[in-house]
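First the proteins, then the strands, lettered A, B, ... as listed; each starts at 1.
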Amino acid sequence: MRIARPRAAKMFAAVLAIGLIATGCASERDDEESGDDGQPFVFGAPGDPASLDPSLASDGETFRVTRQAFETLLDHEPGGTELVGGLAHTWSSNEAGTEWTFELEEGVTFHDGSELTAEVICQNFDRWYNWSGTYQNTTISYYWQTVFGGFAQNESEETPDPNYVGCSAPEELTAVIEVAEPSANYPGGFSLQAFAIHSPDAIEAYEQDEASGEGENITFPGYSQEAGTVAGSGPFEVTDWNKGNGEVTLTAFDDYWGDTEAGVDELVFRTIPEESARRQALQAGDIQGYDLVAPADVTTLEDEGFQVPVRGVFNLLYLGITQESNPALETLEVRQALAHALDRQNIVDAQLPEGGVVATQFMPDTVAGYSEDVTTYDYDPDLARELLAEAGEEDLTLDFCYPTEVTRPYMPAPADIYELLRADLEEVGVTVNPVPLKWNPDYTETTRDGGCNIYLLGWTGDFNDGFNFLGTWFAGYQKEWGFENEELFDLLSQAETEPDEATRVGLYEQVNEAVMDFLPGVPISSSPPSIAFSADVNPPTVSPLTQENFAEVSFK
Amino acid sequence: MTTNLTTSKADKIDRLAELTARRETASGGSLWVEALRRLRSSKMALIGGGVMAVFIVLAVIGPWIAPHDPTAQLWRDEVRVNQSIFVGPRGDNWLGLDHLGRDQLSRMLVGARQTLLVGVVATLLGFVVGVLIGGLSGAALAFGGKAGRRVDTVLMRVIDMALALPSLLLAVSIAAVLGQSLTTVMIAVGVVQIPIFARLLRGSMLAQASADYVLAARALGVRRRRIVLGHVLPNSLGPVIVQTTLALATAIIEAAALSYLGLGNPDAAQPEWGVMLAQAQRFFDQAPMMAVYPALGIIITALGFTLLGEAMREALDPKLRS
Amino acid sequence: MLRLIVRRLLQLIPTLLGLTVLLFLWIHRLPGGPASALLGERATEADRRQMEEALGLDQPMWVQYGRWMERLVQLDLGNSVRTGQPVWEEFTLRFPATVELAVTGILIAVVVGIPLGYFAARRRGGWLDVTAVSASLVGVCIPVFFLAFLLRAVFAVNLGWLPSVGRQSTGIDATEVTGFFVLDGILTGEFDASWDALEHLILPGVALASIPLAVVVRITRASVLDVLGEDYVRTAESKGLKQRVVRGRHVMRNALLPVITTVGLLTGSLLSGAVLTESVFSFNGIGSFIRTAIDIRDYPVLMGFILFIAVIYVVINLLVDLAYSLIDPRVRVN
């Protein structure tokens, strides 16, 4: 006992010391947090950007960062989906829809000091058009190939023919872009972050740095992997990309031409892959906001005083059906039975964030071309069983693919949604084989190649045109749907090349009605992904396109 | 002792048996009897054994006593994940509901079987293959002469390589080749155990090989295969059996880690504690108990196995006899 | 001594060669084959053909292995599918973070574990013994990812004592010299940066230490018990030597030898733990990078990182063995 006491005392002291150190840390940290007004605004992003050059990207995480530093010819109204001016204050096209004229803003300065002119616009477009080698890989030039087709010299047979013809600058601030065929992708495509305008000096510097492509590996060029070279005209300029720390730092650009100047000096995008880690980082005060809040956390965060503004809806979650993969699925009754079997309202009520709705067709009601007169399929297990019996498919067995380890803006917890739908299908007598796959690349590839009977997928619109939704799926034969329907395909291609907007919208409505009669898949829901901010900031206007402008952010 | 061991070739095998028996009595009771005696008086062993017994009983009868179908979303209309409405313990559901309206108690009970199954199959795989390699290696080194030494060197180099890969990475690599399934989990977790079993058995056999009775048997000209299979191997299994209990604990935890990494049982509707924990952690702020039940299940079970294993290890270690 | 080092180095060669063979076979078993192992599955058909040509997939296996080794020796392991950067660069960029974390974990395990194990052994069967042993066992039995989650929920969110994620606070103006943030701060005199990095290391370090701690406690306890029973300790005690001298010179010094070996062997479990701990804490090291690589099947990264880690493990254990022989005179003589 005599020996034990000093030892106990020593241990007590040690515990006390640890406690003191810990509280010491605490008080010090408090000091840090109060006080200075030059505090950076830190936003928790689920993934690293792929590069700092938006032209090379097609993913949301890259665009979220670059959107703060680069501007496009056209833009969307804050919080909406209407096209408004960006670097161009007005735009127009000839009647055929093949010549697009942009009147540029005056006095736009790039981060490196150069000025915006129509020549610069042409320089940008010519850069993309003349890409060669590695740049022609779809991984890098996905959006160019989708919107403008191929390149000046296509190097692969798989690359489509170019639809881009040329760019001219008749006046200093008037740029004209010419395309071969009209398309529903114009003018909406000019608002894509992939076609953001770079400074002319930066473009020259990019070309010095081309020694990247070995042909066999896709290596992003060096300039796009560190701050310093890339230069746009946005309210922030990229000043640092600390890869070791997973942080991209943007600094307010003093000579910004527009009205919405940056409300904070420093904006930091910090990569925090785990959903629960992002939430706890916000709760701990280490970050001031994050995206893709799990629906279950919305109420919790609101109760704790965090701001969770609700976005508009601009996406669609659907149950895809690959008709070719199983003869039973080629029967309309069977597809109708699937639609009637699913309790989609339950998913909206229990799983999806506030603002979610059951989808009646393959576009949200915010898109022009949404039809009120489509055939709808209510939850009715009895009818589903009847339809299956009529088709002679009471013993139907289906491979049901669903993605794991992923949260999509239109689908917060795929595995849970799958479980619910599977229970619905089993309720009407369908046997379900679960096929869980990693999102990237297994799931996206398997579904695209028609390797599933039924699967969960979705889409977030890039800009407000029906073709951006319908054309993605039904413009022609696709393995993932596995059907031929000339009538439908014709109707859509007619809509795609129709230059008159009102006629086009009418055609979309027709397409929607035809699609829902044919029922190639079951649209499930449209729901806004949740985004959260701490109580002490003024959050940006949230955007249905998830295109928030962080210049609007400031500390209270 | 050795003085008794002269005379004719005929009865030398009997004499050997006598010798091993005598050796036990000489040390005041067989090693095993002594170990068991001390095991019974150890609190650690009692707790560990108790936990293990309860767990095994639950795993066997769990599906029979589960009040509801563990995969049926019977109360899914009452759970509203997007409004943080979860259902806690109540009359019908003693442990409440999970996030899809399934009975948590039923899932825990049925999950015990799945969890045990993964642990047992994985450990068995590690045990069998590990004992084969380790036994072969140990026997070759101790009794195989020059050629044997070479066999041992090769086998041990392979084992060293496997040891050089962090277990989780090894499991992940295996899962990458085999694809995602419950079998993959068992194999991945089991393979990781192989080198441990192999090394342990080899070491213990080497120690036995220099024991007096083995030297005596060799001097008597007993066939090597007989010495190895009949005496050295059985006498060397002690530490390996201890390792088996410890490995069961590791296997259960390792399987949970694989579930967390998304490499677990693909059919998440089938309850398994690791998958349940990985899924429920998302709702920790709203319904902490949903994660705590499977977590406690894993911790208590693993602790039980570990305590028993540790107690056995201590009981078998003659140096620790006081 | 020199001969010993040379001999051990020579012994490494077959192990490492064997590892590359294993890895090579593994790559060939991967879905998509070796080309997608180097390119990732998202590569186009043309890329794949080119890579298959470069690897000579029509050639006999040993020729393919030779070519693959040729690339390996030049540290050419392909590019990460996710970042498009060479695997080797990704590894060196993130390696310091994991080393910092692993060292923190080991330090916590050793600093807490050795005294705990020692006192547990001295008072065998007493409350300290039971508490120390069971507490360390509970540490082993909690799934690491859950422990890490709980630690963050309590110490970062509820108490607010420590930062929740990452290696560094945003806005800390730290100069990077070596990539080891704590060290960098000391080198450049930016002690606040060091302190900040240290704060970020505590929670993940504790989570990571849970398993090594238990092992260290157990080994220390067992080996102290072992030594306490030795004749020379009894002799020393009966000679009336001061307890402090007996403990320090005779007991601890001899008891620590097995602990040192164990710490070397723990490297593997530390790296396994790092995959889980780092991903929970968004700690930008090789562990969290591997986690993402698993998620998106970034085979070039998995392959390369597994190889590097194995090499590191082998080398560390070599160093431990050498250190051991320096400390223990018996081994030195042998």
Toward chain C: residues of residues 301-311 of chain B with heavy atoms under 4.5 Å: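 The residues closer than 4.5 Å to chain C, in numerical order, are B/Ala302, B/Leu303, B/Thr306, B/Leu307, B/Glu310.
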
Steps toward side-chain contact (heavy atoms from CB on, under 4.5 Å) verdict (C/Leu271, B/Leu169): CA-CA 9 Å; C/Leu271 287 164; B/Leu169 282 191; over 6 Å; no

Give, as side chain, backbone, both or neither, the part of [X] having an atom under 4.5 angstrom from any heavy atom of chain B.
{"X": "C/Leu150", "result": "side chain"}
{"X": "C/Leu16", "result": "neither"}
{"X": "C/Val138", "result": "both"}
{"X": "C/Leu22", "result": "side chain"}

Atom group of B/Leu178 that falls short of 4.5 Å from chain C, counting heavy atoms: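 It is neither, since no heavy atom gets under 4.5 Å.
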
Among B/Ala291, B/Ala257, B/Ala249, residue most engaged with chain C (heavy-atom pairs, under 4.5 Å):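 Answer, by heavy-atom pair count under 4.5 Å with chain C: B/Ala257.
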
Options B/Ile298, B/Leu261, B/Val172, ranked by heavy-atom pairs under 4.5 Å with chain C, top entry: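 Option with the greatest count: B/Leu261.
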
Distance, nearest 0.5 Å, that separates CG of B/Leu168 from CG of C/Leu276: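 Going from the CG atom of B/Leu168 to the CG atom of C/Leu276 covers 5.5 Å.
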
Parallel, tilted or perpendicular: rings of B/Phe284 and C/Phe146 (30°, 60°):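 Ring orientation, 0 to 90° scale: perpendicular.
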
B/Tyr260 side chain reached by C/Val280 side chain, heavy atoms, under 4.5 Å: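 Touching, per the 4.5 Å side-chain cut-off.
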
Shortest non-hydrogen contact from C/Cys141 toward B/Ile253: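 For C/Cys141 versus B/Ile253, the nearest heavy atoms are CA-CD1, 3.5 Å.
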
